[in-house]
Amino acid sequence: MAAGRAELHGLHAENRALLGSVALFSAVANLLALTGPLFMLQVYDRVMSARSTETLLALFVLVLVLFAAMGALDHARSHVMRRIGARFQSRAEARIFSAALHRDGMRPGDTLAQTALRDLDAVRVLLGAPVFLALFDLPWALIFLGAIFTFHSWLGWLAVAGGALLIAMTALHQRLTAPRLAAAMHEQIAAERLSDQLRDEGELIGALGMRGAAFLRWRTARRLASGAALSAADLGETFSIFSRTFRMFLQSAMLALGALVVLRGEMSAGAMIAGSILMGRALVPVEQLIAGWPIVQHGRAGLLRLSELLGRAPPEAPRTPLPRPRARIEAHALTVAPPGAPAPTLRMVSFTLEPGQAMGVIGPSGSGKSTLARALCGIWPPIGGTIRLDGATLAQYDPDVLGRMIGYLPQRVSLFDGTIAENISRLAPDAEPDRIIAAARRADAHRMILALPEGYDTRVTQAGGRLSGGQIQRIGLARALYGEPVLLILDEPNANLDHEGGEALNTAIRTVKASGGAVIVMAHRPAAIAECDSLLVLEGGVCRAFGPRDRVLASVLCNAGDLVSPHPAGGPA
Ligand SMILES: Nc1ncnc2c1ncn2[C@@H]1O[C@H](COP(=O)(O)OP(=O)(O)OP(=O)(O)O)[C@@H](O)[C@H]1O
């Protein structure tokens with residue numbers, strides 16, 4: 001948390017000079033705020049007694065100029081603060097985005113990563129809000145109080161007592177509303193997540209007759225969220241109304257006390273009115289703080305959450321760029337745990353894979369195949385042992401560069417909202433069409449894509465849109481093959497493929513091998529390991545056997561012959 005806070009501080013450091021200028025503008029604007037009370041004093045005490053129209057006119061012109069200057073300064077400081085907020089956001093967003101995607105930012109059950117960009121927005125809003133400027137005005141409230149004391153000490157003490165009560169109310173407000181706002185935020189996130197999920201699974205909900213039950217669950221989540229928000233808003237409103245009315249009453253009380261002092265002949269009538277105006281001005285920042293307190297709380301809570309997120313996902317140290325590696329993979333005593341899991345799900349696994357070779361990974365459900373695939377892609381770093389690609393550990397490669405050298409087809413392929421071409425090119429903004437088409441051809445998806453009405457420009461969604469399961473998987477394979485990766489990792493690649501698709505997959509594996517790449521296939525189905533030279537058998541997260549495919553199959557499985565023959569992809573496992 002402390003490291004994250006220091007990092008955010010650092011990102012904000014370049015704004016210090018601008019904050020200094022806001023403080024300066026605030027100082028001058030607050031001094032100019034004395035124009036009204038001073039004018040009042042002069043009118044009552046000088047113009048009235050001397051009955052001079054010229055003095056009145058001269059004072060009026062001066063006041064006009066001073067008020068115009070005050071307005072301009074007020075405008076300038078709000079303008080600068082909004083720019084400071086926007087600048088902070090643009091400096092921090094890349095780092096916060098990558099921290100939100102970082103493995104340690106995504107612990108199951110907590111929402112730090114999910115709210116990160118919203119938290120950054122809350123900080124930006126706070127920096128540009130009038131309530132933040134009120135903090136710059138607060139020290140000037142003391143000067144105004146001092147000025148009231150120069151009129152008469154009774155007036156000064158009344159203003160101090162009123163201000164102290166308002167500040168005490170602000171502290172109480174913070175104490176009472178903070179837990180309610182945190183609860184409201186929590187419920188809001190849960191409700192949003194549920195409604196996203198229900199919307200994405202609309203077809204399934206209809207098919208399973210879950211519409212009524214889903215609605216009830218959604219309504220409960222919404223009610224909890226809006227109930228918590230309502231309770232926080234009610235309390236905030238109560239405090240806000242109290243402070244506003246109390247401030248108005250205080251001004252009248254000030255006038256009454258001033259009149260008493262004037263009647264006692266201890267002060268002029270001008271000082272009475274000027275004192276009342278000065279007190280009003282001194283209490284403005286306090287009132288602004290109370291009214292804008294929810295913004296302060298959201299911004300502060302966002303800042304704390306961002307500090308925690310950044311602390312959990314420290315910045316990547318710059319790495320010396322390495323040349324394109326040869327496809328030699330060595331795993332040694334590899335031990336991997338999913339994020340937040342108490343125990344590793346893959347333990348002490350070792351194997352070596354040479355360029356031009358393919359390795360199959362088989363084992364029952366939950367044996368750790370997908371865990372191994374994620375570790376090999378660098379998504380889940382090892383907690384023990386090493387993975388080396390051409391001699392270098394995966395951590396020695398820049399994650400983005402490593403990602404481009406690895407083709408990964410996850411077990412559940414999900415596409416990004418965009419066109420098929422954009423999905424194949426991994427959203428690269430300057431992708432060359434030739435490379436996209438080459439990848440699609442290698443995945444044998446080219447003709448299938450051309451058969452769609454808009455071909456490569458067909459828009460798809462996360463769930464695939466109008467594409468079938470097999471079509472999604474082929475586009476996923478084309479995406480994995482894009483950019484001719486050194487290492488191809490396929491997790492259950494033929495789960496949705498027909499015979500033709502299975503053949504295309506085997507051809508793609510052969511092509512990668514022939515070009516000196518390495519392929520690792522996690523499989524349940526026999527057809528997928530037909531092209532594999534070696535086989536790793538996992539059971540309960542440990543290696544049960546590793547070696548040449550046929551020898552391992554012969555020693556582990558009794559129906560080895562069936563398993564290696566490249567029969568229809570839909571055949572039994
Ligand atoms: N994100 C996760 N958090 C915690 N545990 C996980 C996570 N993902 C997987 N596991 C656990 O790790 C173990 C291995 O899962 P993994 O997905 O690697 O198995 P698998 O061999 O690929 O299974 P399948 O063949 O069913 O896909 C399982 O016990 C699973 O519950």
Side-chain angles (χ1 to χ4, degrees), residues 99-114 193 197 312-313 329 331 333-351 353 358-385 387 394 406-414 462 469-470 472-473 476-477 480 487-497 502 505 519-530 532 534-546 549 552-553 556-557 559 563 569-573:
L101 295 184
H102 195 276
R103 160 190 205 260
D104 293 330
M106 296 191 280
R107 289 183 196 174
D110 77 21
T111 52
L112 278 186
Q114 206 185 339
R193 199 161 41 187
Q197 200 181 5
R312 256 190 219 178
I329 322 295
L334 179 63
T335 303
V336 182
T345 51
L346 196 70
R347 287 183 301 278
M348 303 297 282
V349 171
S350 301
F351 63 86
L353 191 62
M359 179 180 85
V361 182
I362 59 169
S365 270
S367 56
K369 300 184 295 294
S370 298
T371 305
L372 177 61
R374 291 190 179 104
L376 288 167
C377 294
I379 309 171
W380 291 354
I383 58 166
I387 306 173
L394 298 186
I406 292 178
Y408 173 47
L409 178 70
Q411 193 170 16
R412 256 171 277 159
V413 180
S414 75
Q462 192 195 1
I472 293 173
Q473 197 137 20
L477 182 60
L487 171 63
L488 186 63
I489 299 167
L490 308 172
D491 194 352
E492 302 286 349
N494 56 350
N496 290 312
L497 298 183
L505 176 71
V519 184
I520 298 179
V521 188
M522 280 66 194
H524 266 306
R525 295 190 179 191
I529 55 166
C532 293
S534 53
L535 199 59
L536 175 74
V537 183
L538 289 177
E539 207 175 278
V542 295
C543 172
R544 209 180 116 199
F546 172 66
R549 182 193 64 184
V552 171
L553 277 176
V556 173
L557 305 163
N559 57 344
L563 277 162

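Below, each value reflects all heavy atoms present in this structure, side chains not excepted, and no hydrogens, waters or symmetry copies. Order of listing sets the numbers, starting from 1, for every ligand and every atom in it.
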Go through the steps for Val521 and Ile489 under the test side chain to side chain contact (heavy atoms under 4.5 Å, CB included), then give the verdict.
-> CA-CA 6 Å; Val521 188; Ile489 299 167; over 6 Å; no

Give the intermediate values and the outcome of side chain to side chain contact (heavy atoms under 4.5 Å, CB included) for residues Leu538 and Leu346.
-> CA-CA 9 Å; Leu538 289 177; Leu346 196 70; 4.0 Å; yes

Report the C-alpha separation of Leu535 and Leu553 in whole Å, then their side-chain angles, then the decisive distance to 0.1 Å, and conclude whether the side chain to side chain contact (heavy atoms under 4.5 Å, CB included) test is met.
-> CA-CA 8 Å; Leu535 199 59; Leu553 277 176; 3.5 Å; yes

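Nearest approach of Leu536 to Phe351, heavy atoms of both residues: CD2-CD2, 4.1 Å.
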Enumerate donor-acceptor pairs with a distance under 3.5 Å from any side-chain N or O in residues 366-378 to protein atoms, sequence neighbours excluded.
| from | atom 1 | to | atom 2 | distance (Å) |
| --- | --- | --- | --- | --- |
| Ser367 | OG | Pro364 | O | 2.6 |
| Lys369 | NZ | Gly363 | O | 2.9 |
| Lys369 | NZ | Pro364 | O | 3.2 |
| Ser370 | OG | Gln411 | OE1 | 3.1 |
| Ser370 | OG | Asp491 | OD2 | 2.8 |
| Thr371 | OG1 | Thr345 | OG1 | 3.4 |

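Note: no N/O pair closer than 3.5 Å links Arg374 and ligand 1 by distance alone. In terms of N/O distances under 3.5 Å, ligand 1 is not approached by Trp380.
Counting heavy atoms closer than 4.0 Å to ligand 1, residue Thr371 contributes atoms from both its backbone and its side chain. If you look at Met522 next to ligand 1, there are no close heavy atoms at all, none under 4.0 Å.
Every atom of ligand 1 with a heavy atom of Pro364 under 4.0 Å away is listed here by number and element: 21 (O). The contact set between ligand 1 and Ser370, taken as ligand atoms under 4.0 Å from a residue heavy atom, comprises 17 (O), 18 (O), 20 (P), 22 (O), 27 (O). Residue Thr345 has at least one heavy-atom neighbour below 4.0 Å for each of these atoms of ligand 1: 11 (C), 12 (O), 13 (C).
For atom 3 (N) of ligand 1, the nearest non-hydrogen atom from the set Gly368, Ala337, Pro338 comes from Pro338.
Looking at Arg549, its side chain does come within 3.5 Å of a backbone N or O of Ile529 through a donor-acceptor pair.
Residues passing the side chain to side chain contact (heavy atoms under 4.5 Å, CB included) test with Leu353 are Ile329, Gln357, Met359, Ala518, Ile520, Ser534, sequence neighbours excluded.
Under the 4.0 angstrom criterion for non-hydrogen atoms, Gly363 is not in contact with ligand 1.
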